[in-house]
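All ligand and atom numbering here is 1-based and tracks the order in the structure.
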Amino acid sequence: MRVSNEGHQKVTARHLARSAYLYVRQSTMRQVMENTESTERQYALRQRAVALGWPSENVIVIDSDLGQSGASAADRAGFQKLVAEVGMGRAGIVLGLEVSRLARNCADWHRLLEICALTDTLILDEDGIYDPAHFNDRLLLGLKGTMSEAELHLLRARMRGGLINKARRGELRCRLPVGFVYDGLGRVVLDPDQQVQESVRLLFQTFSRTGAAHATIKHFRNQGLLFPTRVGGGPRKGELSWGPLCLGRVASALHNPWYAGAYAFGRSRCRKQPDGRVRHEHLPVGEWLALIRDAHAGYLSWEEYVRNQQRLQTSAKALHFDRSQSPPREGPALLQGRAVCGLCGSRMHVRYGTRRGQRIPNYVCLGRGRDFGDALCQSIVGTRVDEAVGKLLVEAVTPMALEMSLAVQQEVERRVDEADRLRHRQVERAQYEADLARQRFMHVDPANRLVADSLETEWNARLRALDEARDDYERQRAADRLAVDDDARRRILALATDFPAIWRDPNTPDRERKRMLALLVEDVTLIKQRQITAALRFRGGATTTLTLARPLTAQQLRATHPDVRQQIDALLDEYTDAQVAHILNERGLRTGAGDSFDAVSVQWVRTTAKLTGLKDRLLAAGMLTTMQLSKMLGVERTTICRWRVQGLIRARICNGLGEWLYWPPEPTPPYRKSPTKRALDRAKGSSRVRGAV
Ligand SMILES: [Zn+2]
């Protein structure tokens with residue numbers, strides 16, 4: 001056999017004295033499970049090594065990398081061990097399957113071959129035996145590698161090309177979204193499971209009714225409904241599983257054109273990033289690899305699908321969820337991007353409200369709410385928090401910044417001194433060597449011209465070195481002094497003193513203030529309980545906790561001042577709501593909202609403060625209504641009105657409706673006689689009198 005002859009020529013006693021290393025590699029666990037044949041081939045190489053003369057106990061198998069991807073050597077302990085053994089010259093030969101192919105594709109293997117060449121280690125694969133130190137073998141390894149790489153490329157291109165063509169024709173089988181299955185003929189049909197169909201239908205119906213993904217989630221949750229999904233992998237692959245509907249599922253269903261009966265392929269693209277992570281990006285419809293409308297039965301029409309897309313887009317914009325259109329960073333919310341929810345740990349969003357024409361920032365934690373339709377985690381009015389944080393910075397930063405800048409300065413100076421000392425040592429050393437050279441020259445016998453000459457040259461060289469060292473030293477010293485001159489010192493100090501002024505200056509844009517905050521503060525954790533707690537974490541680790549009263553609600557803000565309320569209370573003993581309003585206005589008082597009073601606003605204050613009105617107070621004081629009095633006296637209500645007009649009984653108006661109240665009649669009323677006569681008349685049955693009254 002040619003190979004073995006050749007092999008015997010290459011294998012020497014030196015190689016045989018060292019061990020043979022068999023590297024068994026299988027990239028994925030699946031290959032390990034399914035591709036036992038290749039593993040067997042790898043172990044068969046061991047017999048080749050024995051045939052070449054290695055004692056079988058000297059053939060070391062490295063197979064700890066089974067099931068590891070070949071992408072990088074970093075996490076393949078076996079390969080690293082192999083490299084180490086080869087590097088230390090312990091290996092006489094390395095055995096592996098398709099070493100030549102690996103050598104071209106994989107940088108790690110290429111490096112291994114180079115180490116093999118240096119340590120005189122042979123390589124053996126199924127095709128033959130190579131000595132990497134030999135030019136011919138290196139050439140062969142390289143050539144075979146290039147060819148296999150080309151082969152691989154063609155194979156891949158052919159596969160991908162075929163795939164894309166198939167997809168363009170709508171023939172490529174894809175992983176179907178839940179609600180669809182392939183029938184026996186490979187056609188896409190609606191899932192025969194009625195529950196699945198109904199769930200999917202309900203999702204689209206609820207969305208078209210409510211127009212919001214959130215409302216859809218909420219509806220499912222309130223109704224206690226689950227949504228199906230197909231298990232994507234693992235032993236239960238393809239099985240149905242039911243779980244609560246979340247935003248991700250709603251969104252992917254609403255965005256998925258398959259539900260509209262369209263065959264779509266290549267809607268997104270994966271891009272490898274420099275840090276090795278893979279970024280998934282969604283492509284606009286125009287860039288999809290394939291889109292075939294009316295390819296199969298669907299759950300909604302294409303027009304509905306397009307309308308849903310537009311609705312989702314508008315609501316995303318309205319809620320600021322659209323990342324590409326994040327709210328302008330000019331807003332006054334100081335803690336934008338720095339507020340962390342103390343209840344659940346999420347980042348808090350900023351939403352602006354308007355109160356009396358001013359933009360009021362609100363820090364809102366959506367918590368799990370966004371995904372599962374729960375209520376908001378917490379929402380905190382930002383005005384006071386921002387104020388308090390700003391105040392704290394102005395107070396805390398001045399001494400802190402001073403201290404910090406001074407510490408930095410001291411540190412810089414200390415380093416300069418240290419460097420200065422070290423550099424001066426060099427000068428001293430040059431001085432010492434120059435002195436030594438001078439002494440040697442002085443002590444030599446002048447007659448010994450040759451020695452004297454060389455010593456003189458050396459002395460000169462030493463003197464030159466000394467000069468250079470001195471120059472160097474001075475130059476560096478000057479440069480260092482420049483680094484912390486007075487001007488810089490003044491600027492550092494100014495920074496600390498200027499900060500409060502800049503912060504408070506109304507002309508400083510909010511954006512700049514936020515930038516300053518970002519330089520100083522890592523994040524602010526907010527919790528709203530009875531009070532609001534804001535825990536500031538400064539850059540550098542220091543923390544401070546602020547406690548604030550909860551801001552007043554809009555209603556509380558509009559509430560009437562307690563003092564005014566007292567006055568109203570006092571006035572109500574005597575006056576109607578309208579009269580009270582008039583008096584308050586005359587006194588120059590204003591409502592909580594800053595308006596002048598009227599009957600309605602006084603009534604509002606009465607209702608909220610649970611104050612009784614004039615009528616109730618008078619009744620409580622013993623006054624009677626017309627009805628009550630007429631019953632008590634046994635006369636008609638109209639009679640009482642007449643007596644009032646005639647001034648026979650005491651009465652007064654008790655509200656804005658012109659309702660009268662009467663003081664109860666005295667024991668011997670002055671009007672008794674007259675009414676008695678009339679009462680007698682009436683007793684005679686004169687309906688005329690009654691009618692006339
Ligand atoms: Zn939260």
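- A search for side chain to side chain contact (heavy atoms under 4.5 Å, CB included) contacts involving Q529 returns I527, not counting sequence neighbours.
- The number of protein N/O/S atoms found under 2.8 Å from the Zn ion (ligand 1) is 4.
- Both the sub-6.0 Å distance and the 45° axial angle are satisfied by R359 relative to the ring of Y352.
- Evaluation of the ring-ring contact (aromatic ring centres under 6.0 Å, His included) rule for H561 yields no partner, not counting sequence neighbours.
- For R187 and Y182, the positive end is not near the middle of the six-membered ring at less than 6.0 Å and at most 45° from its axis.
- Taken from CD1 in I292 to CZ in F265, the straight-line distance is 11.5 Å, to the nearest 0.5 Å.
- Listed by first and then second residue, the side-chain hydrogen bond (donor to acceptor under 3.5 Å, both in side chains) pairs that reach into residues 293-303 are S301-E304, sequence neighbours excluded.
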